[in-house]
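Every chain is numbered from 1 and lettered A, B, ... according to where its sequence line falls, protein lines coming before strand lines.
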Amino acid sequence: MKLASWNINSIRQRHTHVQQWLTKEQPDWLFLQEIKCQNEQFPTEIFEEMGYQVIVNGQKAYNGVAILSRHPFQLNHTVLPDLNEEEPQARYLEIESQGVTLCNLYLPNGNSGGEEGFQRKLHFIDALINRAEHLLQHKQDCIFAGDFNICPTNQDYAPQTLSAEDALVKPESRNGFYQLLWLGLTDALRAIYPTETLYTFWDYTRGAWQRNAGLRIDHALLSPKIAEQLKSFTIDKAERDKEQPSDHVPIIIEF
DNA sequence: ATGTCGGGCACAGCCCGA
């Protein structure tokens, strides 16, 4: 099985990139984040014509997630069960397909909106931990993948790109990521590349790509049985060199 | 602060978010 995740930074700007990429890679599932459109604006048909079933959790202007699937699936959740927000944002999409629970997530960045904005990020992480705990307690094979907006360690961001106060590296954010690992989930990239410096995002500004001033913020966390079956983890850096690229590149796991 | 994107608003450049 092949599962990919890609923060696309507007599907309307980059649906051709996705089409071409799908033709090349043929994943069983593709998780998309930051589609930045409402459900009815998503180009569902072009992916259906390619043999994918499509489920979209969109909203106006910001955020938004979607899953493209070659296999039948059941929708589980469009909001994390324990997340009680007055104005829920489109940041989560969970399905079950081929016996695996597939959780596509786009964590709040946490750097805007002051302390309240940061707390929203921490609440999302808490709800994610609760969801992971629930699925693992019920022996449900599961994968949590997407844009976590967390650099787990200092190796996961280029020197001098972020301050210690940045929400992507703050201890509270990182602690949430570690809690997911302590529950028994495996950081798929680190299972295969324990020590290499690898990034999944390069800012549009300051020639970040040319200077390799990147971040590792797109992750795939695997429940134990899936982790045992993990065969490969790929960061498709070539996408960052294309015309009008997203600032994130696809990550791909095979199991 | 720098800097570059995308979307919204509303129709021309700003503003927000990343």
Side-chain angles (χ1 to χ4, degrees), chain A residues 5-19 21 31-44 46 56-66 85-93 104-125 128 145-152 156-170 172-174 176-177 199-219 235-251:
Chain A
S5 172
W6 195 0
N7 179 319
I8 200 62
N9 187 21
S10 171
I11 191 64
R12 286 178 287 178
Q13 292 299 316
R14 263 172 282 285
H15 59 269
T16 346
H17 294 67
V18 176
Q19 271 181 291
W21 190 85
F31 291 2
L32 293 168
Q33 302 90 34
E34 278 205 273
I35 59 171
K36 290 185 169 175
C37 69
Q38 291 164 292
N39 288 6
E40 58 272 22
Q41 298 173 308
F42 191 89
T44 300
I46 66 174
V56 185
N57 179 19
Q59 69 173 82
K60 196 175 192 173
Y62 302 116
N63 312 316
V65 288
E85 288 184 325
E86 336 57 277
E87 301 164 21
Q89 299 178 318
R91 295 180 173 276
Y92 189 74
L93 189 53
N104 177 10
L105 58 106
Y106 174 50
L107 248 85
N109 176 295
N111 282 310
S112 66
E115 186 54 27
E116 201 180 314
F118 185 55
Q119 288 304 318
R120 186 152 11 105
K121 177 176 196 165
L122 298 184
H123 288 142
F124 192 100
I125 296 172
L128 205 55
D147 178 358
F148 284 66
N149 269 315
I150 298 170
C151 301
D156 299 312
Y157 68 98
Q160 284 136 25
T161 50
L162 301 175
S163 85
E165 320 305 318
D166 196 290
L168 276 59
V169 299
K170 272 192 171 180
E172 297 93 327
S173 307
R174 284 179 167 176
F177 190 85
Y199 305 132
T200 65
F201 165 95
W202 294 262
D203 201 285
Y204 288 123
T205 69
R206 291 165 284 182
W209 169 242
Q210 289 72 19
R211 297 187 294 119
N212 193 30
L215 312 173
R216 186 172 80 97
I217 52 179
D218 301 276
H219 308 293
I235 300 174
D236 192 354
K237 285 177 72 173
E239 281 299 322
R240 192 62 180 79
D241 253 340
K242 300 222 162 136
E243 290 292 310
Q244 310 294 338
S246 170
D247 40 7
H248 298 248
V249 298
I251 60 170

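Nucleotides B:dC15 and B:dA10, compared at atom P, are 15 Å apart to the nearest Å. B:dT2 and B:dG7 are spaced 25 Å apart, taking the P atom of each and rounding to whole Å.
None of A:Val65, A:Ile125, A:Leu128 except one satisfies the side chain to side chain contact (heavy atoms under 4.5 Å, CB included) rule with A:Leu105; the exception is A:Leu128.
The distance from atom NZ of A:Lys121 to atom OG of A:Ser112, rounded to the nearest 0.5 Å, is 10.5 Å.
No side-chain donor-acceptor contact under 3.5 Å links A:Arg216 to the backbone of A:Thr200.
A cation-pi geometry, defined here as NZ or CZ lying under 6.0 Å from the six-membered ring centre and within 45° of its normal, holds between A:Lys170 and A:Phe118.
Looking at residues two or more places apart in sequence or on another chain, you find a side-chain hydrogen bond (donor to acceptor under 3.5 Å, both in side chains) between A:Trp202 and A:Asn212.
Looking at heavy atoms from C-beta onward, A:Asp147 lies out of side-chain contact with A:Leu107 at the 4.5 angstrom threshold.
Of the two residues near DNA chain B, A:Pro245 and A:His248, the one whose nearest nucleotide lies more 5' is A:Pro245. Annotation: of the two residues near DNA chain B, A:Gln41 and A:Tyr204, the 5′-most nearest-nucleotide partner is A:Tyr204.
The ring of A:His15 has its center no closer than 6.0 angstrom to the ring center of A:Phe42.
Note that the first and last nucleotides of DNA chain B, 5' to 3', having any atom under 4.0 angstrom from a heavy atom of chain A are B:dT2 to B:dA18.
Using a 4.0 Å cut-off on heavy atoms, the residues of residues 105-114 of chain A that approach DNA chain B are A:Tyr106, A:Asn109, A:Ser112, listed by number.
Note: A:Trp21 and A:Trp6 have tilted aromatic rings, judged against thresholds of 30 and 60 degrees for the angle between ring planes.
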